[in-house]
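What follows is a single structure, written as structure tokens, with notes after it.
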Amino acid sequence: MMLPSEKHLKGSLHFVPRTLPSTPSRGRAAEQTCLALLQACTSLRHLLQTTALLLKYGLQSNPLVLTKFAAASSALDALEVATSLLFSPHASTHLYDCFLFNTVIRSHAQSDRLGDRRLAISYFSAMLRCRLLPNKFTFPFLLKACASLPEPTGVGAQVHGCVVKYGYSSDPYVQNTLIHMYSGAPSGLDFARELFDRMPKTSPVTWSVMIGGYVRSGFSNKAVGLFREMQGRGIQADEITVILVLSACADLGALELVRWLGSYVERENIPKALPLCNALLDALAKCGDVDGAVALFEQMHAKSIVSWTSVIDGLALHGRGKEAVRVFEMMKGAGVVPDGVAFISVLTACCHSGMVDEGRRYFHSMTSDFGIEPQIEHYGCMVDLFSRVGMIERALEFVKTMPIEPSPVIWRMLIGACRVHGRLELGERIAKNLLDEDPTHDSTYVGLSNLYALRRQWEKKWETRRAMSERGIRKVPGCSLVELNGEIYEFVAGDESQLQYRGVYEMLEEIGRKIKLTGYLPTKTEVLLDIDEEDKEDALH
DNA sequence: GTAGGGTTAG
């Protein structure tokens, strides 16, 4: 959607007032005409023409017209047009009402542009400056805008203060959006839980908001725990709760629970709409039941690009690159136009199966055939593609010539590749550069110290570890999750607090022995390097 | 005119 140029806009605003009659017609006929025109606006041009007309009739201060106007411009994704009229020098702010501001705040809160969402909060301030009282609809809109900011709890807490001040803290809609807003930031999660626990009356929405907060913050295990509590209290989950828990399962690899949720949906007659099927499909695929996912995909009567992408991604993730590429081609054959996410999946497939040429072809096709501008994720896939097969120079060259700033993730991928393919000096150089720019990320230190370990430069290795701890940075320990009889167990590396840890490690060693007996050979590059036995064992585990 | 939702490089 083309946005109107400033010039165009100012033109329409400044031209019309000069032609206004000395006593502007405020008749009902003009008002009705403009309302009808605004209702029917389908293009930006149309909207600008209507703008000119309503200015001509002096309706720029008519609250009814303005509200409709705000709604029409937000439907056309032209928020600038709305606000330049509402807050133009010709506007008579004393005629504004709460409804008008709610419309403007809502349309800005729903925008996918960050700047617009920030503006929603400014309009709330403007509303208070106009001495207007917010009503019960104002806060859910406003909190939604706060929730989608990068740091929601800062300004969100101020809005919370207003919620209390204006007496809406016991409105269930407001309470649910408050929990949603706080749970959007890791630092606000505990407070969100406090609010949740204090809710006198909960609905499936309340539970979904809290479960969704855990999922978004990466605490999928807690999300599942809360869902169990919900079940225990006999609260009926709805479609959205199930979707959220499924995405937690996809994260945890909890296949048994995914299947249980599938039968729960059947048993409770929860409508199997497309988003639910997609969530189930994705969870099955991510948890390793790719064939189950494909079977579900085939019996789904409605499929969206998300369904296709989940299947492609599932195949790619489990090393079935050739099939993934085939499904991608089938998708195009079925007339579904791939989007940026679908290309990430097919590029992932090429990565995981070493299909360098195919990957390059798809990367090229993305822009030349579909006009999709590659994002950092796509460049990341290409770097990974070259890195994995040992084309380190090509990967580096690619990073140096790509038109957007390489992210730390990309540099860390290269460091990993340097380690695997024995390019230790290069890896060291990249790691040091990266540490100069961002000394706070644990895995960069770990990557560098691993490079030194492989080169048997113990002194430098310890130096790196020391630098890390001096800056107060600690390695986040790795962990695995095992699902057994519907229960999810979490194992954290090096954690000896667990009651049965001795047994766990003994079992690990036994598994290691058995794997070797069946003919497992460790990766050659790791073994060819001159490292000591203990590190070798560590690396292999 | 109000709240929660699906696929995204390692």
Side-chain angles (χ1 to χ4, degrees), chain A residues 67-68 70-71 74 98-107 109 134-144 147 168 171-181 183-184 202-213 215-216 237-247 250 273-283 285-286 303-314 316-317 338-352 359 363 374-385 387-388 406-417 443 447:
Chain A
T67 303
K68 193 57 107 185
S74 84
C98 173
F99 195 123
L100 171 68
F101 272 98
N102 283 354
T103 311
V104 175
I105 291 171
R106 181 185 49 183
S107 46
N135 69 7
K136 65 168 182 172
F137 298 108
T138 314
F139 289 107
F141 295 149
L142 195 58
L143 287 164
K144 193 181 178 135
Y168 289 104
D171 181 287
Y173 283 82
V174 175
Q175 287 177 330
N176 287 334
T177 26
L178 274 172
I179 296 173
H180 180 229
M181 183 273 293
S183 71
T202 59
S203 73
V205 179
T206 321
W207 290 83
S208 297
V209 166
M210 198 59 231
I211 290 173
V215 176
R216 276 183 296 156
D238 69 8
E239 190 187 337
I240 292 173
T241 323
V242 174
I243 288 173
L244 287 163
V245 181
L246 280 169
S247 77
L274 186 58
L276 180 66
C277 290
N278 284 341
L280 191 55
L281 181 62
D282 183 58
K286 284 219 170 69
K303 300 179 177 83
S304 69
I305 183 146
V306 178
S307 333
W308 287 94
T309 306
S310 294
V311 171
I312 296 166
D313 207 51
L317 236 47
D339 62 4
V341 184
F343 270 104
I344 291 175
S345 307
V346 77
L347 289 174
T348 308
C350 297
C351 274
H352 288 234
F363 185 75
Q375 301 296 304
I376 190 76
E377 290 86 352
H378 300 105
Y379 290 107
C381 286
M382 294 309 285
V383 174
D384 195 28
L385 180 68
S387 298
R388 275 179 202 250
S407 61
V409 179
I410 288 188
W411 291 120
R412 279 194 286 272
M413 260 173 349
L414 271 171
I415 297 169
S443 64

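Throughout, a chain's letter reflects where its sequence line sits, starting with A, and its residues are numbered from 1.
For A:Asp384, the side-chain hydrogen bond (donor to acceptor under 3.5 Å, both in side chains) criterion is met by A:Arg388, not counting sequence neighbours. With sequence neighbours left out, the side-chain hydrogen bond (donor to acceptor under 3.5 Å, both in side chains) criterion links A:Ser183 to A:Arg216. In terms of the side chain to side chain contact (heavy atoms under 4.5 Å, CB included) criterion, residue partners of A:Asp238 (sequence neighbours excluded) are, by chain and number, A:Pro204, A:Ser208, A:Ile240, A:Thr241. Shown here are the side-chain hydrogen bond (donor to acceptor under 3.5 Å, both in side chains) partners of A:Trp207, two or more places apart in sequence or in another chain: A:Thr202. The side-chain hydrogen bond (donor to acceptor under 3.5 Å, both in side chains) test applied to A:Asn176 returns A:Thr206, not counting sequence neighbours.
If you check every strand for non-hydrogen atoms under 4.0 Å, A:Asn135 touches a base. When heavy atoms are screened at a 4.0 angstrom cut-off, A:Phe99 is found touching base atoms of the nucleic acid. The residue A:Thr138 sits apart from the nucleic acid: no heavy atom pair falls under 4.0 Å. Within the 4.0 angstrom heavy-atom criterion, no nucleotide atom of any strand lies near A:Thr103. Within 4.0 Å (heavy atoms only), A:Lys286 reaches sugar-phosphate atoms of the nucleic acid but no base atom. Residue contacts for A:Arg388: at a heavy-atom cut-off of 4.0 Å it reaches the sugar-phosphate backbone alone, with no base atom in range. At the heavy-atom level, A:Glu239 lies under 4.0 Å from base atoms of the strands shown. Residue contacts shown for A:Ser304 include a base, since a base heavy atom lies under 4.0 Å away. A:Ile410 comes within 4.0 angstrom of a nucleotide base, judged by non-hydrogen atoms across all strands. At a threshold of 4.0 angstrom between heavy atoms, the contacts of A:Ile376 include nucleobase atoms, whether or not backbone atoms are also involved. Using a 4.0 Å heavy-atom criterion, one finds that A:Val209 contacts the sugar-phosphate atoms exclusively. Contact annotation for A:Ile243: base contact, defined as any heavy-atom pair under 4.0 Å involving a base atom. At a threshold of 4.0 angstrom between heavy atoms, the contacts of A:Asn102 include nucleobase atoms, whether or not backbone atoms are also involved.
The outermost nucleotides of DNA chain B lying under 4.0 Å from heavy atoms of chain A, listed 5' to 3', are B:dG1 to B:dG10.
Expressed to the nearest 0.5 Å, how far CD1 of A:Ile410 lies from CD of A:Glu377 amounts to 9.0 Å. Interatomic distance, CH2 of A:Trp308 versus CG of A:Leu281, reported as 11.0 Å (0.5 Å rounding).
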